[in-house]
Amino acid sequence: VVIDGYPRSLDQLAVFDPEYQAMVYLNITDEAAVSRLTKRGREDDTPDQIKQRLAIFHQKTQAVLEHYQSLGILIKVDGSQDPQTIFTTILEKLNV
């Protein structure tokens with residue numbers, strides 16, 4: 001089962017802990033995130049709004065990543081690579 005975007009905070013994790021076997025984190029720079037998201041064409045994907053969402057991510061979700069890192073199940077993957085390389089890397093790290 002793949003769950004995208006949960007939990008986003010330690011508060012959410014306290015409500016429901018899915019007890020993941022692995023957590024994959026596609027790591028990209030904030031600049032790359034802004035560049036990608038502004039190309040989606042969504043009305044709320046302005047650089048300023050994206051930067052606000054990234055600030056919330058760094059404030060709340062970073063702690064979730066650290067939690068999974070402490071459990072030894074966080075898999076960090078360079079999300080700046082091409083999709084096929086990312087996919088292959090994930091499969092390799094999951095031993096699939």
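Bear in mind that the values here come from a model prediction, so they are computed numbers and not experimental data.
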inquiry  = Tell me the closest heavy-atom pair linking P7 and M23, and the distance in Å.
reply    = CD-CE, 4.4 Å
key: With sequence neighbours excluded, residues passing side-chain hydrogen bond (donor to acceptor under 3.5 Å, both in side chains) with T38   = none
task = Using side-chain hydrogen bond (donor to acceptor under 3.5 Å, both in side chains) as the criterion, list what pairs up with R53, not counting sequence neighbours.
result = D45
inquiry  = According to a hydrophobic-cluster definition based on side-chain heavy atoms being under 4.5 Å apart (Ile, Leu, Val, Met, Phe, Trp, Tyr only), do L13 and V2 belong together?
reply    = no
key: For T46, side-chain hydrogen bond (donor to acceptor under 3.5 Å, both in side chains) partners two or more places apart   = Q49
ask   = side-chain hydrogen bond (donor to acceptor under 3.5 Å, both in side chains) with Y25: which residues, sequence neighbours excluded?
value = N27
ask   = Out of curiosity, does L37 fall in the hydrophobic cluster containing L54 (side-chain heavy atoms, cut-off under 4.5 Å, transitive links)?
value = yes
message = Quick check for you: to the nearest 0.5 Å, what is the distance between L91 atom CG and I86 atom CD1?
response = 12.0 Å
query = Does some side-chain heavy atom of K51 sit less than 4.5 Å from a side-chain heavy atom of D30?
reply = no
ask   = Does any pair with a residue in residues 78-96 pass side-chain hydrogen bond (donor to acceptor under 3.5 Å, both in side chains), and if so which ones, sequence neighbours excluded?
value = D78-S80, D82-T85, Q84-T88
inquiry  = Can you confirm whether T29 sits close enough to V34 that some side-chain heavy atom of one is under 4.5 Å from a side-chain heavy atom of the other?
reply    = no
task = Spell out, as yes or no, whether a donor-acceptor pair under 3.5 Å connects the side chain of Y6 to the backbone of Q12.
result = yes
query = So do the side chains of I3 and Y20 get within less than 4.5 Å of each other, counting heavy atoms only?
reply = yes
Expected list for residues 61-76: side-chain donor-acceptor pairs under 3.5 angstrom, two or more places apart:
unit_1: T61; atom_1: OG1; unit_2: R8; atom_2: O; d: 2.7
unit_1: S70; atom_1: OG; unit_2: H67; atom_2: O; d: 2.6

inquiry  = Side chains of E31 and S35, heavy atoms from C-beta outward: is any pair under 4.5 Å?
reply    = no
